[in-house]
Visitor: 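This is the structure I want to talk about, given as structure tokens.
No experiment lies behind these values; they were computed from the predicted model shown.
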Amino acid sequence: MLDYPALRAVAAVVQTGSFEKAAAVLNVTPSAVSQRVKQLEERLGVVLIVRGTPCTATEKGGWLCRHMENVGMLEGELMTHLPALADPAEPQQPVTLHIATSADSLGTWFLSAMSDFSRRSRYLLNIALDDEEHTAEWLQRGRVLAAVTSLEKPIPGCRCTPIGALRYHATASPAFMSEHFADGVTQEAISRAPALTFNQKDRLQSRWLRQAFGRDFVHPTHWLPSTQGFLDASLSGMGWCMNPALLAGPHLASGRLVELIPKTPLDVPLYWQINRLAADRLAELTRAVVAAARMHLRQ
């Protein structure tokens, strides 16, 4: 039999980041939380929580947390139909859904979907950020229930829905263009002009170079892990970069930004993948994502 008080203790510690906060959520003492977690770890023979500030889940602990998400959804559905089962002395805790998306999606269209969903549901949200080429790994490892990803192939155990493409433009300020590309946007010029790169996983600049020049090549870069920072830095003349059309569009129209090579956008197809076990109960979440994508992404 599963020890659900202990599982709830593990999930609460991971959710809140500490044993003390988990105790407050569960209305027990910190020592009781610590004992429940320790006994479960000893029974399973694995470490479930990395003690620190904050406390985090190990891979095994993460699987238990995702299991508790599904249990919480099932219990919430059951209480809706059989409210007499609820214990008045133990208030039901809201379920937090773990979802992964990219910083660019969050900064352009995805937040509107999450806002719409949160207003209509009883769930809380924990949104993790990673490159759209890597969010699928969060699903594969069981760290999230759903993700926006560039992976077209359905992940085992997930439903996959095409939602459109996020368009990017290679942009820079007019002053930057005059300084670095006075004689044209050539491979030699790009090899000397500083670009902007989100992090080591960011391959958008390389993908655009292959599309525009037929090959990728080395170029200097600043590292800047911020979608809004990319836009502001390109406007200030710090470097050239791939900006989402949803953010860069007004600046391109006003002339504050220009395309390195006109009419060479890069479209990144996106997909919504959601765990099959949760998909039916979270149909409203999928509807919110698809509706926002149809409004903002290229179809």
Visitor: Taking the side chain as every heavy atom from C-beta outward, state whether T56 and V14 have any atom pair closer than 4.5 Å.
Guide: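 Not in contact.
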Visitor: Going by the rule side-chain contact (heavy atoms from CB on, under 4.5 Å), which residues pair with P194 if we only count those two or more places apart in sequence or in a different chain?
Guide: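 P194: side-chain contact (heavy atoms from CB on, under 4.5 Å) contacts with F176, H180, H222.
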Visitor: Write down the atom of V33, the atom of A23, and the distance for their closest heavy-atom approach.
Guide: CG2-CA, 3.7 Å
Visitor: Give a yes or no on this: more than 12 heavy atoms of other residues, nucleotides or ligands lie within 6.0 Å of atom CD of E188.
Guide: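 Count not over threshold, so no.
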Visitor: Take D267 and R207 through the test salt bridge (Lys or Arg N to Asp or Glu O under 4.0 Å) and record every step on the way to the result.
Guide: CA-CA 10 Å; D267 290 336; R207 291 174 64 177; over 6 Å; no
Visitor: Report yes if the side chains of I261 and F181 come closer than 4.5 Å at any heavy-atom pair, otherwise no.
Guide: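 No, their side chains stay 4.5 Å or more apart.
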Visitor: State yes or no: are the ring centers of W240 and H219 separated by less than 6.0 Å?
Guide: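 Yes; H219 has its ring centre under 6.0 Å from that of W240.
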Visitor: Heavy-atom count around Q187 CD within 6.0 Å, excluding the residue itself: above 12?
Guide: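 Yes.
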Visitor: With a cut-off of 6.0 Å (strictly less than), are more than 12 heavy atoms of other residues, nucleotides or ligands near CZ of R120?
Guide: no
Visitor: Between E284 and R287, does any NZ, NE, NH1 or NH2 come within less than 4.0 Å of an OD or OE carboxylate oxygen?
Guide: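 Yes, this pair counts.
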Visitor: Under a 4.0 Å threshold between the charged nitrogen and the carboxylate oxygen, would E259 count as salt-bridged to K263?
Guide: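 Looking at K263 and E259, the cut-off is not met.
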Visitor: Counting C-beta onward and ignoring hydrogens, is there a side-chain heavy-atom pair between F19 and V37 closer than 4.5 Å?
Guide: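 They are in contact (side-chain heavy atoms under 4.5 Å apart), so the answer is yes.
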Visitor: Where does the angle between the aromatic ring planes of F213 and W208 fall among parallel (under 30°), tilted (30 to 60°) and perpendicular (over 60°)?
Guide: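 Perpendicular, since the angle between the ring planes exceeds 60°.
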Visitor: I'd like to know if R203 and E133 make a salt bridge, using a cut-off of under 4.0 Å between side-chain N and carboxylate O.
Guide: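 Salt bridge present between R203 and E133.
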Visitor: With a 4.0 Å cut-off, would you call E69 and R281 a salt bridge?
Guide: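 No, this pair does not count.
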Visitor: Would you mind telling me which of L196, T221, L224 makes a side-chain contact (heavy atoms from CB on, under 4.5 Å) with C241?
Guide: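 Single pass found, and it is L196.
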Visitor: Answer yes if the side chains of H98 and R143 hold a donor-acceptor pair under 3.5 Å, and no otherwise.
Guide: no
